[in-house]
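Structure first, commentary second.
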Amino acid sequence: MLKKADHELYKYINGPMHAPLKHDSAHKHVSGSAEYIDDIPEPAGLLHGALGMADRAHAEIVSVDLSEVKAYPGVVCVLTAKDVPGDNDIASGSHHDEPLFAETKVEFHGQVIFAVIAETRDAARRAARLAKIEYRDLPHWLTVDTARDNAAPLVTPGMVLKRGEPENELDKAPRRLKGRMEIGGQEHFYLESHIAMAIPGEDDEVTVWSSTQHPSEVQHIVGHVLAIPSNAVTVNVRRMGGGFGGKETQGNLFAALAAIGAKKLNRAVKFRPDRDEDMVVTGKRHDFIVDYDVAFDDEGRLHAVDAIFAARCGYSADLSGPVTDRALFHADSSYFYPHVRLASEPLKTHTVSNTAYRGFGGPQGMLGGERIIEEIAYAVGKDPLEVRKLNFYGDVGSGRNVTPYHQEIEDNIVARVVEELETSCDYQARRKAIIEFNKTSPVIKKGIALTPVKFGISFTMTAFNQAGALVHVYQDGSIHLNHGGTEMGQGLYTKVAQVLADAFQVDIERVKITATTTAKVPNTSATAASSGSDLNGMAAYDAARQIKDRLVAFAVEKFGVPVDEVVFLPNRVRVGDQEIPFPDFVKQAYFARVQLSAAGFYKTPKIHWDRAAGRGTPFYYFAYGAACSEVSIDTLTGEYLMDRTDILHDVGKSLNPAIDIGQIEGAFVQGMGWLTTEELWWDDKGRLRTHAPSTYKIPLASDRPKIFNTRLAEWSANAEPTIGRSKAVGEPPFMLAISVLEALSMAVASVADYKVCPKLDAPATPERVLMAVERLKTL
Ligand code: MTE
Ligand code: HPA
Ligand code: MOS
């Protein structure tokens, strides 16, 4: 709830909808009073769970001896596959390839074989280590390359996008090059690890508090493992301490375990893994290997692109299908490919099953596209920015606005965004100065790069593009808001409350944002694909519209005025020539028996996608942006600093500029971590050795660019009638960080006079930078 004084900070533009209000929980986040699941007062008799995990990458389970586990003081029971009343499977969507408990074989180091439930968390965790499990090892492979060597199966069918005649054009163009890029994965590192608490109810009922982006799927999975219908399961989540895609499906495991324990023992059960366990047992961003074969001319203009995007998916499908699809949808970055063939290979490996992560494969696809541009730029001896501009998608009617998936781009503003940023950050002069600097500086070398972003908005699974909201107006004029979206720090609750406050023209304090629950809004989609505010904002708006229509009809009848003389003004309603405070107006409507509650609904128009044909309109619109980064590297150690980043990003007409700028900066820094210091490393036995912050390096506050300017493209408005003409913001700015990798690349290239593309793989850790410098020095 905002205090009155807070409002002085905020300028209302046209009502609360586009105002830079603070996040509704900001003060609670920083003071520690925001309630996360582990903060909820614990029910009497609560028990705690711990995971019993495999220590083989791929093996048959020969025997499992849990006697010492069961005998450990405080242990109440040990769960295995036999304790699952329903189906022992927690796979997301329509897949059926993720056992809750491994029974006969394990397929990654860390897979759950059993769970311990004890009086204390400490007892559960200690007991879990006492299992004696015999295995018969099977051959395992951990990487894309070794998966290919072993003719590994795909976890889900790959996709092909094709347009034109790449096979012929590759040979015909004046120039051609082939290359390969390795792109690393990423750990989500949400501050709140996974957690679930289940409270048994009467008959078959169970209530689960789950840190999930997808309460409806948790509800479905809990019903599935318990063999009970969805109407017996209620899933609640007030907020997550970060999700970033890591809680789109990965919460299923903990919720299922807690619910089975709770129903079996008729006591509340909580599962809260330790950070290391969370990192070992939950999926991450997919790492990719991209092989490309491209044809171009002496100017650097692309003629044809043929590329394969192979991903390490881990042992099961999870979201690898749509993730690898989205990689292909973004492999064009912002560029027109006259002839193109793109294929994905979602490979099975004996590692944890990889999952959604901010950008959802898009970043990997786009990075491949940008690498192609960079290679061509070095090949023709131009600034990569020039080659980018040469290849940008054209306007409608230019014949150069068709994507590899045959959707025509109609809202392209990338050239304008790039041009404005180029000017405002003084790119050309700074690049010249850097080239001069590098001539005389023997050890420290600088680099600068300006890269664009174009990101498609909508779930590529058309059915997911729907949302519901439930709005109650109470007799005192206070408003209760519930919708299907979840809050993970991104400010969705605040934005949707703004939509409602705007619709009723009331102060935001009047709107109470309530925990997401499957009992109020059913059949929701994951809060994902950056579409939370687009979908839920519209659903809430629809609910408000219904209630307002009834209120207007009531006023017309009661006061005998025409419809256009009932006007919602700030905190009051004008009816004819009288003005009635909102609460009084609502109370009068109540006495006239007007229904003051409504369920709103929204589905995204226009989109459709035919995956088999590789054709359609998967995206409702695109969000654009550009970033320019400048870095310095130490050519003796490979260490580097971020000197400066300038960002110009398109969020349409912002729902909340303060929150949007936070999203842009946060996404950029997270993307920078992915491309620089965050490196996942498994040993040859398949053990994740980077399973804690001691070995896995996310960016620190001190790693941020020393100068960091972020601006919104304030002139932009969504061409489509989205809520307030805004655009999605959650994921697109993640890819602005590609500018950092390319700036590092330019700094490295300076040691060979910019004649050779350094082909830096990601993450460009200091070691990789140093090795690239050494490699280029010997050329
Ligand atoms: N911002 C914060 N603070 N925490 C998060 O977990 N997740 C990101 C993005 N921004 C995330 C975040 C991801 S992966 C997505 S898809 C969107 O938020 C989801 O929320 P939205 O659709 O409401 O933008
Ligand atoms: N983005 C994010 N999450 C998803 C998607 C998507 O396109 N499809 C299914 N889950
Ligand atoms: Mo975001 S990866 O779509 O949860």
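We number each residue from 1, following the sequence as shown. Counting convention: from 1, in listed order, for ligands and their atoms alike.
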Consider only side-chain N and O atoms of Thr516 and Thr486, and report whether a donor and an acceptor are under 3.5 Å apart. no

Could an N or O of ligand 2 be found under 3.5 Å from any N or O of Ser458, whether backbone or side chain? no

Can you list the ligand 3 atoms lying under 4.0 Å from a non-hydrogen atom of Glu248? 4 (O)

Which atoms of ligand 2 sit under 4.0 Å from any heavy atom of Ala528? 2 (C), 3 (N)

Testing the 3.5 Å rule here: is there a donor-acceptor pair between the side chains of Ser216 and Asn523? no

For the 3.5 Å polar cut-off, considering only N or O atoms, please tell me whether Tyr357 and ligand 3 meet it. no

Is there a polar contact between ligand 1 and Ala529, counting only N or O atoms under 3.5 Å apart? no

Checking Thr494 against Asp24: is there a side-chain donor and acceptor pair closer than 3.5 Å? yes

Measure the distances from the heavy atoms of Met461 to every atom of ligand 2 and state whether one is below 4.0 angstrom. no

Does Met488, backbone or side chain, put an N or O under 3.5 Å from an N or O of ligand 1? yes

Pair Tyr621-Asp534, side-chain donor/acceptor within less than 3.5 Å: yes

If you have a sec, work out which protein heavy atom is nearest atom 1 (N) of ligand 1 and how many Å separate them, to one decimal? Gln663 NE2, 3.0 Å

Under-4.0 Å heavy-atom contact with ligand 1, by part of Lys495 that carries it: neither

Students often mix this up, so state it plainly: with edges at 30° and 60°, are the rings of His188 and Tyr190 parallel, tilted or perpendicular? parallel

Consider only side-chain N and O atoms of Glu98 and Ser316, and report whether a donor and an acceptor are under 3.5 Å apart. yes

Considering only heavy atoms, does Arg326 approach ligand 2 within less than 4.0 Å through its side chain, its backbone, both, or neither? side chain

Kindly confirm or rule out an N or O of Gln490 lying under 3.5 angstrom from an N or O of ligand 1. yes

Considering non-hydrogen atoms only, spot the tightest contact between Lys454 and His330 and give its length. O-CD2, 3.5 Å

Quick check: Glu731 and ligand 1, any N/O pair under 3.5 Å apart? no

Test Phe708 against Phe668 for ring-ring contact (aromatic ring centres under 6.0 Å, His included), laying out the working first. CA-CA 10 Å; Phe708 196 4; Phe668 172 83; 5.4 Å; yes

Short question: side chain of Asn656, backbone of His18 - any donor-acceptor pair under 3.5 Å? no

What about Arg358: any of its N or O atoms under 3.5 Å from an N or O on ligand 1? yes

Between ligand 1 and Gly243, is the shortest N or O to N or O distance under 3.5 Å? yes

Between Ser531 and ligand 1, which residue portion shows a heavy-atom distance shorter than 4.0 Å: side chain, backbone, both, or neither? backbone

Measuring centre to centre across the rings, with the benzene-like ring taken for any Trp, is Tyr357 within less than 6.0 Å of Trp674? no

Numbering as shown, the atoms of ligand 2 that approach Phe464 to under 4.0 Å (heavy-atom distance): 9 (C)

Residue, atom name and distance, where the atom is the protein heavy atom closest to atom 8 (N) of ligand 2: Phe459 CD2, 3.6 Å

For residues Phe329 and Phe619, establish whether the separation of their ring centroids is below 6.0 Å. yes

Is there a donor-acceptor pair under 3.5 Å between the side chain of Gln498 and the backbone N or O of Pro16? yes

Does ligand 1 have an atom that lies less than 4.0 angstrom from a heavy atom of Gly666? no

Honestly, for Ala529 the part within reach of ligand 3 (heavy atoms, under 4.0 Å) is backbone

Got the closest protein heavy atom to atom 4 (O) of ligand 3, with its distance? Gln213 NE2, 2.8 Å

Do me a favour and list the nearest non-hydrogen protein atom to atom 17 (C) of ligand 1 with residue, atom name and distance? Gly730 CA, 4.1 Å

Give the contacting part of Arg358 toward ligand 3: side chain, backbone, both or neither, where contact means a heavy-atom distance below 4.0 Å. backbone

Per atom 11 (C) of ligand 1, closest listed option by heavy atom (Phe360, Phe244, Tyr493): Phe244

Residue Ala529 vicinity, atoms of ligand 2 by number, heavy atom under 4.0 Å: 1 (N), 2 (C), 6 (C)

With a heavy-atom distance limit of 4.0 Å, tell me whether Met240 approaches ligand 1 through its side chain, its backbone, both, or neither. neither

Could you tell me whether some N/O pair between Gly532 and ligand 1 is separated by less than 3.5 angstrom? yes

